[in-house]
Structures are given as C-alpha cells and as structure tokens.
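This report refers to the structure that appears directly beneath it.
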Amino acid sequence: MAKPVQIEVWNPNGKYRVVSTKSMPGTRWINLLIQQDCRLEICTEKKTILSVDDILALIGDRCDGVIGQLTEDWGETLFSGLSKAGGKAFSNMAVGYNNVDVEAANKYGVAVGNTPGVLTETTAELAASLSLAAARRIVEADEFMRNGKYEGWLPHLFVGNLLKGQTVGVIGAGRIGSAYARMMVEGFKMNLIYYDLYQSTPYGQFLKANGEQPVTWKRASSMEEVLQEADVISLHPILDKTTYHLVNKERLAIMKKEAILVNCSRGPVIDEVALVEHLRENPMFRVGLDVFEDEPYMKPGLADMKNAVVVPHIASASKWTREGMATLAALNVLGKIKGYPVWGNPNDVDAFLNENSPPPAACPSIVNSKALGLPVSKL
Ligand SMILES: NC(=O)c1ccc[n+]([C@@H]2O[C@H](COP(=O)([O-])OP(=O)(O)OC[C@H]3O[C@@H](n4cnc5c(N)ncnc54)[C@H](O)[C@@H]3O)[C@@H](O)[C@H]2O)c1
Ligand SMILES: O=C(O)[C@H](O)CO
C-alpha cells in the first residue's frame with residue numbers, strides 16, 4: 001500500500017478527477033480544468049522527483065487523467081495503475097517524452113500528450129545564450145570580478161571567440177534547432193551547416209524563399225561533416241536509441257580544438273564522461289550545457305571545468321512559455337476526458353494559447369493518436 005501524498009484540491013465536487021504531479025506556473029490551466037467540471041488535485045509534496053509509488057498513491061482508485069513531469073518514470077506500472085483507476089489521459093508538461101514508455105501507454109489505451117511549439121523560441125534563446133556565454137567566457141569573467149581579481153584592462157584578459165562569419169552547426173534541425181539557427185544566422189551573420197536524420201527543408205529554404213542569402217547554408221550528408229566544419233555546434237534532436245551518446249569520444253575528437261558545443265536537448269545525447277576528458281585535454285574547447293546525463297547529477301570533474309558553462313535544465317523557463325506548457329498539458333488531458341478530437345497540426349498550437357478566447361475543443365498534441373486511432377479535429 002503506497003504512502004499518502006500531500007495534495008491541494010480545487011473544485012472538490014467536480015465530476016472528473018484530474019491529478020497534477022506538480023504545481024505549474026500560471027492559473028489559466030487550473031481555471032480551464034475547473035470550468036469544465038474537473039476536480040483538480042495538485043501534489044504539494046516538497047520532494048523534487050516523485051517516485052512511481054508516490055504517483056500511484058496520487059492516482060488512487062479513481063482518476064480520469066494525470067498531468068506529469070519529465071522527471072517521472074511513466075512506464076508499465078503507472079499506465080496500468082492509471083488504467084485500473086479508469087484513466088485514459090496522461091500529458092507530460094514537456095515537448096520531450098523520453099521518460100514515457102509509449103508502447104505501454106498504447107497497451108492500456110492511454111493517450112500521451114506533450115507540449116510542442118510553445119517552448120521553441122524560449123529554448124532556442126537559451127541555446128543562443130549558452131553559445132555566447134561559452135564563446136565570450138562570461139561565467140569565468142563574472143567569477144573573476146566577484147573574487148576581486150580585476151586589476152585593470154589587459155590585452156590577454158578573457159580572450160574568446162568572434163562569432164560573425166564563423167560557421168554554426170545544428171544537429172537535429174526540427175522546431176528548436178531551426179529557431180536557434182535563425183537566431184545565430186540573422187543575429188550574428190554566421191554560416192549554417194545542419195544535419196537531421198529526417199528533415200529536408202528547414203531554415204535554408206526559408207531564406208531562399210524570401211529572396212535572402214546573407215550567409216551560406218547547407219544540409220550535411222553526415223553528422224561528422226557538421227562536427228568537422230562548424231565553430232559552434234548546438235544539439236537539438238529528440239532522445240531515442242538513434243541519438244543516445246550521439247556525441248562520443250570519437251566524434252569529439254574530430255571537432256575543431258576551439259569549437260563550442262551546446263546541449264539543450266537531453267543529457268544522454270552526449271557521453272558526459274568522454275566530454276569531461278575532452279574538456280580537460282582541450283582547454284580552448286568550450287561547452288554550454290543545460291542538460292546532463294544523470295540529472296540532477298553531473299559526471300565527476302565537470303563542475304571543475306572552467307571551459308564549461310552549466311545551468312540546471314532551464315531552457316524552457318520563461319514565464320510565458322511555462323504558463324503555456326501548463327495550459328497545453330492540461331488541455332491534452334481535458335480534451336481526452338471530454339472525448340475531443342486531436343488538433344491537426346501540433347506545430348501550430350497558438351489557438352490554445354490565446355488568453356482572450358476559449359481554446360478549441362481539441363487535444364493540442366497527442367503523440368500516440370495514430371496508434372490509438374483517435375479522430376483528428378477539422379477545426
Ligand atoms: N532543455 C530543455 O529544457 C528542452 C526544452 C525543449 C525541448 N528539449 C528537447 O529538445 C528536443 C527537440 O524539441 P523540438 O521541439 O525541436 O522537436 P522536433 O521534433 O521539432 O525536432 C527534433 C529533430 O531531431 C531530429 N532527429 C531525430 N533523430 C535524429 C538523429 N539521430 N540525428 C539527427 N537528428 C535527429 C528529428 O528529425 C527532428 O527534426 C525535445 O525532444 C526535447 O528532448 C529540451
Ligand atoms: O522537453 C522539454 O520540454 C524540456 O526538457 C522542458 O521544457
């Protein structure tokens with residue numbers, strides 16, 4: 001028998017019971033649920049990462065849907081528990097869903113939602129910030145100032161890399177990778193080289209269609225080509241078995257000695273042990289990391305590396321984005337409970353984010369909609 005978990009209850013007499021494993025930013029998501037007859041229970045436990053047992057306790061005997069987080073292990077046990085409690089809806093408050101066993105969800109007929117689009121620009125802006133912070137050694141210089149070490153201007157003090165005219169490489173040119181490319185190309189006039197396993201028409205063609213060619217751009221035929229040519233490389237693929245340790249010892253070795261590597265995708269895309277060794281052996285090589293292989297931990301030695309800028313998985317952390325993610329996650333769960341169809345284009349979810357009008361009667365983004373045979377909205 002799982003231990004009870006602390007909760008806060010909204011609209012106690014609501015017909016549908018929805019659980020959120022965390023408090024989320026904003027109030028729109030709460031209002032949307034309670035206006036549609038949901039009793040909402042928000043977990044208020046102080047611990048950051050809930051265990052499977054904690055979540056089972058939250059689900060209880062009767063639960064229509066759960067809004068969960070990327071730190072949780074949504075597999076066979078939780079989907080079976082949710083299904084036994086009568087639930088058919090789950091949404092991650094994240095675009096990435098590598099913490100979810102979608103096959104298990106399919107087995108129990110549970111729809112799995114995610115939150116694409118609303119975090120694209122915010123995440124790309126953090127990747128751009130990390131690129132600049134690494135290129136211009138901002139964190140090292142800040143620490144130097146705060147430690148009272150500044151004695152006056154010097155020709156060699158914190159010399160870094162100029163971006164203009166250099167080449168930016170993008171691995172995984174989807175929504176976020178393309179937005180990052182746009183920022184680096186238009187903002188810093190960098191040339192672009194990108195690699196994506198599937199996509200064939202991102203940013204370069206957009207520039208061409210607009211009659212603009214301020215920089216050169218090309219799609220690489222292999223990831224190695226990007227790693228060898230680019231001065232700044234940013235990783236934006238999903239995490240799956242094709243991208244696990246995509247950047248490993250051998251691939252680090254073919255990168256330029258003074259290159260900058262940024263990761264705002266998922267930690268296991270880089271072999272972090274190999275990265276620490278590479279940073280140690282190549283002091284001019286720099287990284288900007290938002291994600292880590294074994295979060296919340298860093299591999300031994302990483303925290304001591306002056307050539308690494310590290311932040312705690314905050315790439316999507318702007319107020320507008322986080323409130324929007326909460327809204328999309330809540331609407332995924334609500335839409336499935338109400339029997340709404342699935343929105344036709346998960347790359348364009350703006351209609352759900354407009355605070356001045358009611359959201360469409362649809363689930364914004366359900367990743368297993370085809371497997372479950374869910375109808376598509378005609379709106
Ligand atoms: N750090 C954060 O807070 C944060 C925020 C948002 C998203 N993310 C991560 O970023 C990922 C991408 O988000 P998105 O909205 O741009 O998704 P997306 O689906 O639009 O883009 C992912 C791209 O990766 C490509 N890809 C897949 N396998 C590949 C491979 N083996 N090699 C190269 N490319 C490959 C896909 O074809 C796709 O174009 C998410 O899945 C999530 O894990 C992290
Ligand atoms: O996948 C995601 O959405 C992020 O990691 C959190 O915003």
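It should be emphasised that the depicted structure is a prediction, and the values quoted were computed from it without experimental measurement. Both counts, for ligands and for their atoms, begin at 1 and track the order of listing.
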Decide yes or no for [X] and [Y]: does some side-chain heavy atom of the first lie under 4.5 Å from some side-chain heavy atom of the second?
X: Leu261; Y: Ile270; answer: yes
X: Ser234; Y: Val168; answer: no
X: Tyr340; Y: Leu331; answer: no
X: Asn98; Y: Ile238; answer: no

Does Arg62 pair with Asp64 as a salt bridge, N-O distance under 4.0 Å?
yes
Are Lys22 and Glu72 close enough for a salt bridge, meaning some N to O gap below 4.0 Å?
no
State whether the number of non-hydrogen atoms from other residues, nucleotides or ligands found under 6.0 Å of Glu103 atom CD is greater than 12.
no
Any N or O on [X] sitting closer than 3.5 Å to an N or O of ligand 1?
X: Asp196; result: yes
X: Thr120; result: no
X: Asp290; result: yes
X: Leu246; result: no

Below 4.0 Å, non-hydrogen atoms only: which portion of [X] touches ligand 1? Side chain, backbone, both or neither.
X: Arg175; result: both
X: Thr123; result: side chain
X: Val95; result: side chain
X: Leu197; result: both

Using a strict cut-off of 4.0 Å, indicate which atoms of ligand 1 neighbour a heavy atom of [X].
X: Thr243; value: 28 (N), 29 (C), 30 (C), 31 (N)
X: Val291; value: 1 (N)
X: Gly172; value: 24 (O), 34 (N)
X: Ser316; value: 3 (O)
X: His313; value: 1 (N), 2 (C), 3 (O)

Distance-only donor-acceptor check, side chains [X] and [Y], under 3.5 Å:
X: Thr242; Y: Asp240; result: yes
X: Asn161; Y: Asp231; result: no
X: Glu76; Y: Tyr108; result: yes

Looking at non-hydrogen atoms alone, which of Cys264, Ser178, Gly96 comes nearest to atom 8 (N) of ligand 1?
Cys264
Measuring from non-hydrogen atoms of Leu239 to any atom of ligand 1, is the shortest distance under 4.0 Å?
no
Is there a heavy atom of Pro116 sitting under 4.0 angstrom from any atom of ligand 1?
no
Using the rule given for salt bridge (Lys or Arg N to Asp or Glu O under 4.0 Å), can you reason through Lys249 versus Glu277, listing the C-alpha separation, both sets of side-chain angles and the distance that settles it, and then say yes or no?
CA-CA 9 Å; Lys249 187 178 166 66; Glu277 194 184 320; 3.2 Å; yes
Purely on distance, is any nitrogen or oxygen of Arg266 under 3.5 Å from one on ligand 2?
yes
Would you say Val95 has any N or O atom under 3.5 Å from an N or O of ligand 2, going by distance alone?
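Yes.
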Looking at [X], which atoms of ligand 2 are within less than 4.0 Å of one of its heavy atoms?
X: Met325; answer: 7 (O)
X: Leu119; answer: 3 (O), 7 (O)
X: Gly96; answer: 1 (O), 2 (C), 3 (O)
X: Ala94; answer: 1 (O), 2 (C), 3 (O)

What residue and heavy atom of the protein are closest to atom 7 (O) of ligand 2, and at what distance?
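Nearest neighbour among protein heavy atoms for atom 7 (O) of ligand 2, to 0.1 Å: Ser316 OG, 2.6 Å.
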Is His313 in contact with ligand 2, taking contact as a heavy-atom separation below 4.0 Å?
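Flag set, His313 near ligand 2.
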Region of Leu70 that comes within reach of ligand 2 [heavy atoms, distance under 4.0 Å]:
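Only the side chain of Leu70 comes within reach of ligand 2.
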Name the orientation class of the two ring planes belonging to Trp74 and Phe79 (parallel below 30°, tilted from 30 to 60°, perpendicular beyond 60°).
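Tilted: the ring planes of Trp74 and Phe79 meet at 30° to 60°.
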Geometric class of the His278/Phe285 ring pair [parallel <30°, tilted 30-60°, perpendicular >60°]
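Phe285 vs His278 ring planes: perpendicular.
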